[in-house]
Amino acid sequence: MQQSVTEIRRLIARHKFWDYVFAIVGLICLLVGILTLMGLFAQLVADGAPRLKPHFFTSFPSRFPEEAGILSAWVGTILVMLVTAFVAVPLGVAAGVYLEEYAPKNWLTAIIEINVTNLAGVPSIVFGLLALGLFVYQLNFGQSILSAGLTLALLILPIVIVATRESLRAVPGSIREAAYALGATRWQMVSNHVLPYSSSGILTGVIIGLSRAIGETAPVITIGALTFIAFLPHSPVSGQFPFISFEWLKDPFTVMPIQMFNWTSRPEEEFQLNAAAAGVVLLAMTLAMNAVAIFLRYHIRKKVKW
Amino acid sequence: MSASVQPVLKAESKNLNFYYGDFKALTGISLPVHDKKITALIGPSGCGKSTFLRCFNRMHDLYPGNRYDGEITLNPDGVNILSPKVDPIEVRMRISMVFQKPNPFPKSIFENVAYGLRVRGISKRSVLEEKVEEALTNAAIWNEVKDRLNDLAFNLSGGQQQRLCIARALAIDPEIMLFDEPTSALDPIATANIEELMAELKKRFTILIVTHNMQQAARVSDYTAFLYLGEVVEFNDTKKIFTTPDNPRTEDYITGRFG
Amino acid sequence: MSASVQPVLKAESKNLNFYYGDFKALTGISLPVHDKKITALIGPSGCGKSTFLRCFNRMHDLYPGNRYDGEITLNPDGVNILSPKVDPIEVRMRISMVFQKPNPFPKSIFENVAYGLRVRGISKRSVLEEKVEEALTNAAIWNEVKDRLNDLAFNLSGGQQQRLCIARALAIDPEIMLFDEPTSALDPIATANIEELMAELKKRFTILIVTHNMQQAARVSDYTAFLYLGEVVEFNDTKKIFTTPDNPRTEDYITGRFG
Amino acid sequence: MDNKHMNTSSPDTTLSLTECVSSAEASRRLAHKRSRHLKERLVEFILFLAAFSSVATTFAIVAILVYESIPLFKHVSLVEFLTDPQWTPLFDDAHFGIMPLVSGTLVTTGVALSVCIPMGTIIAIYLSEFAPHKVRETVKPFLELLGAVPTVVFGYFALIVVTPLLQKVMPDLPGFNMLSAGLVMGIMIIPYVSSVSEDAMRAVPMHLREGSYAMGATRFQTAVRVVVPSAFSGIAAAYILGISRAVGETMIVAIAAGMQPTLTWKPTESASTISSYIVQVALGDLPHGSIGYQSIFAAGLTLMVMTLVFNIIGYWLKKRFREVY
Amino acid sequence: ADKLVKIDGSSTVYPITEAVAEEFQKAKRGAVKVTVGISGTGGGFKKFCRGEIDLSGASRPILKKEMEACKQAGIQYIELPVAYDALTVVVNPQNTWVKSMTVDELKKIWEPAAQGKITKWNQVNPAWPNQPLKLFGPGADSGTFDYFTEAVVGKAKSSRGDFTASEDDNVLVQGVSRDRGGLGYFGYAYYAENSKKLKAVPIVEKAGKPAVSPSVDTVKNGSYQPLSRPIFIYVNAKSVDKPEVKEFVDFYLNQAPKLTKAVKYVPLPDKAYALAKSNFAKKKTGTGFGGEPEVGVSVEELLQREGKH
Ligand SMILES: Nc1ncnc2c1ncn2[C@@H]1O[C@H](COP(=O)(O)OP(=O)(O)OP(=O)(O)O)[C@@H](O)[C@H]1O
Ligand SMILES: Nc1ncnc2c1ncn2[C@@H]1O[C@H](COP(=O)(O)OP(=O)(O)OP(=O)(O)O)[C@@H](O)[C@H]1O
Ligand SMILES: [Mg+2]
Ligand SMILES: [Mg+2]
Ligand SMILES: O=P([O-])([O-])[O-]
């Protein structure tokens, strides 16, 4: 059945028509997404611009919209993220290493694996409930930086685990075999080779996880962070011995998304500008983190070609 | 140098079977490995050459479901290196391996060679330096890299990388060296270099090499084993195998009638 | 059958250069492809065999940065299939390809073979059934699969999968068939099957085959081209090449002195 | 990897291995080896604990949810909980029918999915099969940012921008409605769907595509007939992820859908979802043991069960259509 | 070591408390930290009676149940009215039909029996159009909700459930301002700040009485009934031992007249503040209400009552 050339050409033209149609539809869909993002950002910037002055970052919230700032909120956010990272990173990386490099194939491992996927799908508000029931009431951490940090750490744990596993998987088996062939133990192999080579990939995952945590509102509301806070938590470094203090862990706090939420619920119209400005800052923080992650990802790809 | 007429037995595989899960990849392999000689393993793709080679340093232990059955004794102490009671790490410290594709670590040239020593707990800089130089010299790559020991190993060419991997394997003073198609990823010149190097190395080590290139086997080895479908079809002096093989299948393979 | 003394030219590569980005992989390749004959491309790894073969169905168009320079004319109409004005889809409808690793689609056996027909807009069940049966029969696999046409193609063995891929390529009645090391992933028996099949196929199609196995080239092909470093070193009757090659490098390669 | 095997050698074999070596050397190696094994075991155990922490988290979640909502179920029968059409647990005339919240959750999820699944899939196909390499590399991370925008921002976007726009077309649309919340939620979820699907499509080996192109197929044919079916299990996983996000999304619906627990299936109405109910109550105080406190845990339990069901479906789909290439 | 004053409770009182807290921290140059949470009056009392906070804001007096809880925990409290609020019923500015509403009409809309039934304006009053009725109100943990249901339906917390309920009053503002058929209620301040987007409904207390709009004057002269109410702070008597808390409350009462006005509430008469100050100085504990919701009491009378516990 060798079709005539003209027939084939007609056929191809018809098929290619769908190529073009699809390419255009695809582009449109893409643009909807991208334009929404840009529109969102542009609108926030336009609204928030009058507030985005240095003193916005150095003042506490106030009932006067022009004076109100985000000092307590961004400090709170950073401290909460510190706790989150401190808990989620070791836990997540260790779990990822176990699952990828150690876990024998048995039902327990299977359960852990299914569970990690499942945990990634658990709504964040449910983590908020866990935090309320467990951290705030059972463990008596109260509505503190510690509670919030732990909650968000559990929330991003699956992200860190999955990212770790993926970067570990990218290290070729030949490197593992090479290490073993030289007499390395499993832990030597992991700690001397696999982990260092995948560290930037893991870091990327951690940053993505943290950038998700930074914008989370619901679980933090659940533990009760919607509060007027016009002071800073205790400083983590103190003037006297032992120079490090952990009192801030138990301090009340507020974070960026909460501050933003708070402002949006004010009766005065003017506060909407503050909310927009806080939104810009929050978005900029997230974007910056993502940009770092993207940069890292790009950089690793260029650096190591197995 | 020990080119004795009666070769010394360095290791011996005795009725070895090997299973990948349910799949039996090796059946009743019995084969001597002579001291300070090169033994080549040839055979069509999938016949079990690599599988057999990797039994010698217990590489199969790394993956679940693999099972050995039979013995490989290592002389002079006559220990069965496949025994589950023997620590595979111990085995790997005595028998080192060079892989098909050069696989240096993404570390400096120096650290690549020093790694085996570090694993053994040696961390004194002067000792390391001495050993690394010695290994690189023996792998015939010292002159090319001596000025850039701190460069990343990835910046070397494929042939250089493979010689680096050989140096890495040499640095730990193994008793046997295993080579799994060490030149198949290399160009003709690099191949020639490595073949020369092996001729040099066999003065001091026992070598087991898998190759898919019969000419290479003929060029470098003292003994050759022809494997087919997981069994040894014929083992003999390399000269004998390539001129007057006993088994008609060996002949068919060598003359390219199949494979 | 067209075993004419003076072979008909089905296609011809004229001074073809090919670039992967900045890397020139082929240099000035000029080569005839005779109608209803098998032409084998041999040469050491990386010499450009696959690269050349893939020019014939414009596979390189799929990746950015690749560039052709020169001509491949396809007879009888004498069109230059490398011309940017020629639609690669049209070329691929006339010239089909079988890959090194069997790559059936994750569909049923039937749908795999019918794929090329569906792409051509044929969807009538009866026509499809007839064509599929014909192709599977020609690929010598019909008897093995006729009772399970709706099974997933992945459930076939490697050799069967490769024959399925051949059937898939046959179903669209191509003018030339390209084979890139079609048996390198297969066991000796499957290999023998496919070689037999090719001998059958050349009665109806023009075949271009890349192989790393010189014995295979000697067994199946009518003409052989020896490539080295992206250039044609020698092109001739297969018999001539394997008995009295003109070029010493060809001889070196064939006798296994390198590669 | 067979770690059991690697760890079980006992000290006496070392002796047999080193018989010919001096006994001092032997005992040195012995000590070295024993400490090595101990350390290896310890490390493995610690790592295991870390991996197990994720299971412990799930366990803690389920335990807390069940434990804190049990008192409520002593008070309200499961039948009542599932069939009563009213949800007013905090009022004098208390009703505990979860269905109004479930309907709100399902409707907003449905609206969101009708946006993010087609668009996400199309974008994924476009990026993986059509877009030039450069475009893909720049656009994909950009798109992923959309998923990183704090949802509070999206909530106000829905309320202040999207709803008025919709009201231009539908003058009767209430100021708080599930439609607008669902649409914005859908846009927010696009990158989750597109990114994971695109990864799955990328993972389809090139040789399959080559096989299709070699048959004379166009991009679109290759994409739809070969790549998408091959990547189906990955795409299904992406959809499940999207559903999970939609079901559990809180701030967007809390802000834009109107926290009104009404049993309705019309997207143009205002409604409350499970998550927005929880956050609404949580905005007040939650004294331990009060009805309000118990009711949010009961709602949370329902939410958890719903996501679990979706995940199980996803798991099953993935198993059933595992990539085989 | 740390000087911290913890406050929580009513969202209605919040703006005043926040203003005081801000000024106070400024005056003390950060030597004392003040946190002000918003959990609604009910939520605030729950924390208060657990001893978790020093002060609780309340937009209604403490209830029996809460008194019990406090008693059990051994918490004594000082009840201090700080301002008046007018609970404001609002509709959309495009709502042309409502000129005023009677309490009965409000009851018809809000009582539990209305759930799912009263969904059109003309079901409330046949003179009104057949227009969907969309309802917005505070959540169940709020004093505003308690007070409104008490004053309108006759029983606290007795309300229909199918309305948009939010502790966040701005959500309610948004809702009513976007919906032609919308109706909602919340504190006067939120109306005052958004008077362009909303229309306040004059309320007829009983048939025959005139319709009265909420405003500073109608609240002060007591004619805006039954929806004008005093709002309070409750101070934990034990906390008064802490100098920073005492100082804060003094500051509160001193600044109240000024700050109340600034945040658009109605200040109490001067006499009332003086009485409150003396009550505080005397640490007069207990409530003037006795745990029963009461509508329409004057503040002076209240402050002179014997405190019940
Ligand atoms: N991990 C594995 N699991 C199961 N079967 C395997 C595995 N590795 C190899 N095999 C099978 O074992 C047999 C021997 O494989 P092996 O790799 O030893 O062959 P080989 O002779 O080295 O071939 P080549 O020349 O291709 O490297 C083959 O049939 C192969 O399919
Ligand atoms: N995608 C690519 N980009 C850049 N260079 C390439 C690419 N593919 C192949 N090459 C290079 O082009 C040259 C020819 O490669 P080709 O695959 O044609 O070799 P071959 O003769 O088929 O080898 P083999 O027998 O290993 O298949 C090699 O040097 C190879 O490294
Ligand atoms: Mg092999
Ligand atoms: Mg090739
Ligand atoms: O927040 P409320 O004042 O309504 O309790």
Side-chain angles (χ1 to χ4, degrees), chain A residues 15-16 18-19 22-23 25-27 29-30 32-34 36-37 40 91 94-95 97-99 102 104 111-112 114-116 118-119 121-126 129-130 132-134 137 154 157-158 161 185-187 211-212 215 217-218 221-222 226 257 260-261 264 279 282-283 286-287 290 294, chain D residues 3-4 6 36 40 43-44 46-48 50-55 57-58 60-61 64-65 68 119 122-123 125-126 130 139 141-143 145-146 148-153 156-157 187 190 218-221 241 244 247-248 250-251 275 278-279 282-283 286 288 296-297 300 303-304 307 311 315:
Chain A
H15 291 162
K16 281 202 150 174
W18 287 110
D19 267 26
F22 187 85
V25 172
L27 209 57
C29 287
L30 204 59
V32 168
I34 304 260
T36 309
L37 182 70
L40 211 69
L91 212 54
V97 168
Y98 181 80
L99 290 175
Y102 280 81
I111 286 183
I112 296 179
I114 294 170
N115 179 66
V116 170
N118 196 41
L119 205 58
V122 171
S124 58
I125 188 83
V126 172
L129 290 178
L130 171 72
L132 182 70
L134 190 66
Y137 286 122
L154 292 185
L157 191 59
I161 294 179
T185 64
R186 194 186 293 261
W187 177 239
S211 84
R212 157 115 195 255
T217 318
I221 288 182
T222 326
L226 188 56
M260 183 184 172
F261 187 69
T264 55
L282 186 52
L283 212 52
T286 328
L287 297 195
N290 276 274
I294 291 162
Chain D
N3 46 311
K4 276 159 278 140
M6 291 192 67
R36 186 170 75 209
E40 283 288 304
V43 166
E44 184 176 351
I46 292 171
L47 294 176
F48 171 77
F52 199 75
S53 71
S54 75
V55 177
T57 306
T58 309
I61 290 178
I64 286 277
L65 291 179
E68 299 285 8
M119 286 189 48
I122 289 173
I123 289 176
I125 296 177
Y126 178 76
F130 284 77
V139 162
F142 213 95
L143 198 64
L145 287 181
L146 201 53
V149 175
T151 52
V152 192
V153 175
Y156 286 97
F157 178 69
I187 290 178
I190 287 177
T218 61
R219 277 179 195 279
F220 186 62
Q221 285 170 326
L241 181 68
S244 305
V247 167
T250 309
M251 292 318 285
S275 54
I278 296 174
V279 80
L283 273 173
L286 290 162
H288 205 158
I296 61 171
F297 280 89
L303 189 57
M304 185 77 186
T307 31
N311 272 305
Y315 188 73

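Every heavy atom of this structure was used, including side-chain atoms; hydrogens, water molecules and symmetry mates were not. Just so it is clear: chains get the letters A, B, ... in the order the sequence lines come, proteins before strands, and each one is counted from 1.
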| said: Taking every non-hydrogen pair under 4.5 Å, which of V25(A), V32(A), I34(A) racks up the most with chain D? | reply: I34(A)

| query | So what's closer than 4.5 Å to chain D heavy atoms on L154(A): side chain, backbone, both or neither? | reply | side chain

| said: Which heavy atom of G121(A) sits nearest to which heavy atom of S244(D), and what is that distance? | reply: O-CB, 3.5 Å

| task | Sort L119(A) into side chain, backbone, both or neither according to what part of it lies under 4.5 angstrom from a heavy atom of chain D. | result | side chain

| query | F130(D) and F22(A): aromatic ring centres closer than 6.0 Å? | reply | yes

| field | Validation row: D19(A), Q221(D) side chains within 4.5 angstrom (heavy atoms) | value | no

| message | I'd like to verify something: which residue of F157(D), Y315(D), Y156(D) has the highest number of heavy-atom pairs under 4.5 Å with chain A? | response | Y156(D)

| message | Return the OH to CG distance between Y126(D) and L27(A), rounded to the nearest 0.5 Å. | response | 4.0 Å

| said: Taking side-chain hydrogen bond (donor to acceptor under 3.5 Å, both in side chains) as the definition, give me every residue that meets it alongside N115(A), ordered by chain and number, with sequence neighbours left out. | reply: S54(D), T58(D)

| field | Residue, of S124(A), P158(A), A23(A), that accumulates the most heavy atom pairs under 4.5 Å with chain D | value | A23(A)

| message | I'd like to verify something: which residue of V139(D), I46(D), T151(D), L241(D) has the highest number of heavy-atom pairs under 4.5 Å with chain A? | response | V139(D)

| remark: Heavy-atom nearest pair, G248(D) first then I125(A), reads O-CG2, 4.4 Å

| Below 4.5 Å, heavy atoms only, C-beta onward: do P123(A) and T250(D) meet side chain to side chain? | no

| said: Would the distance check show the side chain of E44(D) and the main-chain N or O of Y102(A) forming a donor-acceptor pair, the cut-off being under 3.5 Å? | reply: no

| message | At a 4.5 Å cut-off on heavy atoms, which part of L129(A) comes close to chain D: side chain, backbone, both, or neither? | response | both

| field | Proximal component of I64(D), with respect to chain A [non-hydrogen, under 4.5 Å] | value | side chain

| Rounded to the nearest 0.5 Å, how far does OG1 of T307(D) lie from CG of N118(A)? | 7.0 Å

| query | Does the side chain of I296(D) come within less than 4.5 Å of L132(A)'s, by heavy atoms? | reply | yes

| Which residues satisfy the side-chain hydrogen bond (donor to acceptor under 3.5 Å, both in side chains) test with T286(A), sequence neighbours excluded? | none

| query | How far does SG of C29(A) sit from CD1 of I123(D), to the nearest 0.5 angstrom? | reply | 5.5 Å

| field | Nearest non-hydrogen partners of V152(D) and T217(A), listed with the distance | value | CG2-OG1, 2.7 Å

| message | For S53(D) versus L157(A), what's the shortest heavy-atom pair and its separation? | response | OG-CD2, 3.9 Å

| task | Answer with side chain, backbone, both or neither: which region of V43(D) has an atom nearer than 4.5 Å to a non-hydrogen atom of chain A? | result | side chain

| field | Minimum side-chain heavy-atom gap I112(A)-F52(D) below 4.5 Å | value | yes

| query | For the atom pair CG (L130(A)) and CZ (F297(D)), what is the distance rounded to the nearest 0.5 Å? | reply | 8.5 Å

| If you round to the nearest 0.5 Å, how far is OG1 of T218(D) from NZ of K16(A)? | 8.5 Å

| query | Are any non-hydrogen side-chain atoms of I190(D) and T36(A) less than 4.5 angstrom apart? | reply | no

| note | When every non-hydrogen atom of I122(D) is compared with those of G26(A), the smallest separation belongs to CG2-CA, 3.6 Å

| message | Show, in sequence, the C-alpha distance, side-chain angles and deciding distance for M119(D) and L30(A), and conclude whether the side chain to side chain contact (heavy atoms under 4.5 Å, CB included) test is met. | response | CA-CA 8 Å; M119(D) 286 189 48; L30(A) 204 59; over 6 Å; no

